[in-house]
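Read through the structure below, which is laid out as structure tokens, and then see the notes.
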Amino acid sequence: QVQLVESGGGLVQAGGSLRLSCAASGRTFSSLAMGWFRQTPGKDREFVAAISKSGGSTYYADSVKGRFIISGANAKNTVYLQMNNLRPEDTAVYYCAAQWSLLDVPNISGYEYWGQGTQVTVSS
């Protein structure tokens, strides 16, 4: 129904920046709310950032607040994660996620579509 493909991951030096992209295809109404999660081996997938279906509101985990910025295209078929001042602890596989949202407030536990993930490695 909805397919998500991430891109933009790679190797970056600590303090550097990287921008991730997520393209959505298939059934993509304007009611899609999108977000980013990350996961390291042996740990649960953790929330990073989210954007409401209208694009009017954004939400961030405390660990990335002030460093990362989530944004999306007007058609809501693409979402970005601008990552600045990267730290080695940001190293993880980053996943794009989406959910149908009737209200303009996403449910962090309600994402049902997931991308394949893109590796981000931050060296010291």
Side-chain angles (χ1 to χ4, degrees):
Q1 192 173 48
V2 176
Q3 297 81 45
L4 306 174
V5 179
E6 305 97 331
S7 62
L11 175 64
V12 65
Q13 183 72 258
S17 298
L18 206 60
R19 190 179 78 159
L20 306 183
S21 299
C22 174
S25 62
R27 187 188 179 193
T28 55
F29 294 135
S30 61
S31 59
L32 270 182
M34 303 180 75
W36 289 94
F37 291 73
R38 66 186 182 187
Q39 186 172 28
T40 56
K43 294 184 178 181
D44 291 335
R45 193 171 297 183
E46 67 172 340
F47 167 75
V48 175
I51 188 167
S52 62
K53 65 178 182 180
S54 70
S57 299
T58 56
Y59 310 86
Y60 299 94
D62 288 341
S63 60
V64 306
K65 196 171 297 181
R67 299 188 297 121
F68 291 9
I69 301 172
I70 186 171
S71 61
N74 289 146
K76 196 61 73 172
N77 62 336
T78 305
V79 65
Y80 306 96
L81 184 67
Q82 177 67 46
M83 305 184 292
N84 301 313
N85 192 24
L86 284 161
R87 307 165 179 169
E89 52 263 43
D90 293 319
T91 295
V93 176
Y94 284 71
Y95 295 89
C96 176
Q99 66 180 268
W100 301 111
S101 179
L102 295 178
L103 302 176
D104 202 33
V105 180
N107 177 1
I108 302 303
S109 299
Y111 292 95
E112 60 181 308
Y113 304 106
W114 299 86
Q116 82 289 347
T118 185
Q119 177 71 47
V120 172
T121 302
V122 184
S123 62
S124 60

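Keep in mind that what you see is a predicted model, and the values were worked out from it rather than measured.
In this structure, CD on Gln13 lies 7.0 Å from OG on Ser124, to the nearest 0.5 angstrom. Rounding to the nearest 0.5 angstrom, the gap separating the OG1 atom in Thr40 from the CD atom in Glu89 is 11.5 Å. Thr91 OG1 to Leu11 CG: the interatomic distance, rounded to the nearest 0.5 Å, is 8.5 Å. Here the straight-line distance linking atom CZ of Arg19 with atom CE of Met83 works out to 11.0 Å at 0.5 Å rounding. For the atom pair Leu102 CG and Ser31 OG, the distance stands at 7.5 Å (nearest 0.5 Å). Here the straight-line distance linking atom SG of Cys96 with atom CD of Gln3 works out to 12.0 Å at 0.5 Å rounding.
Criterion: ILVMFWY side-chain heavy atoms under 4.5 Å apart, direct or through other members. Under it, Trp36 and Ile108 are not part of a common hydrophobic cluster. No chain of hydrophobic side-chain contacts below 4.5 Å, direct or via other Ile, Leu, Val, Met, Phe, Trp or Tyr residues, connects Leu20 to Phe37. Tyr60 is connected to Val48 through a chain of hydrophobic side-chain contacts under 4.5 Å among Ile, Leu, Val, Met, Phe, Trp and Tyr, so both are in one cluster.
For Phe47 and Tyr59, the distance between ring centers is not under 6.0 angstrom.
Shown here for Asn84 and Ser17, the closest heavy-atom pair between the two residues is OD1-OG, 3.0 Å. In terms of heavy-atom proximity, Leu18 sits nearest to Gly8 at CG-O, 3.5 Å. In this structure, Tyr111 and Ala50 approach most closely via the heavy-atom pair OH-CB, 3.3 Å. Taking both residues in full, the closest heavy atoms of Arg67 and Leu86 are given as NH1-CA, 4.0 Å, listed atom of the first, atom of the second, then distance. Across all their heavy atoms, Val93 and Gln119 have their closest contact at CG2-OE1, 3.2 Å.
The shortest side-chain heavy-atom distance between Gln116 and Glu6 falls under the 4.5 Å cut-off. Side-chain atoms of Ile70 and Val79, non-hydrogen and from C-beta on, do get closer than 4.5 Å to each other. Side chains of Arg38 and Asp90 form a contact here, defined as non-hydrogen atoms less than 4.5 Å apart. In this structure the side chain of Arg45 reaches within 4.5 angstrom of the side chain of Trp114, judged on heavy atoms. Counting heavy atoms from C-beta on, the side chains of Gln1 and Trp100 come closer than 4.5 Å. Pro106 places a side-chain heavy atom less than 4.5 Å from the side chain of Gln99.
Between Tyr94 and Phe68, the two ring planes are tilted [angle within 30° to 60°].
Take Tyr95 and apply the ring pair (Phe, Tyr, Trp, His ring centres under 6.0 Å) test, not counting sequence neighbours, and it matches no residue. Residues meeting the salt bridge (Lys or Arg N to Asp or Glu O under 4.0 Å) test with Asp44, sequence neighbours left out: none. Take Ala98 and apply the side-chain contact (heavy atoms from CB on, under 4.5 Å) test, not counting sequence neighbours, and it matches Leu4, Leu32, Met34, Tyr113.
At least one donor-acceptor pair under 3.5 Å links the side chain of Ser52 to the backbone N or O of Ser57.
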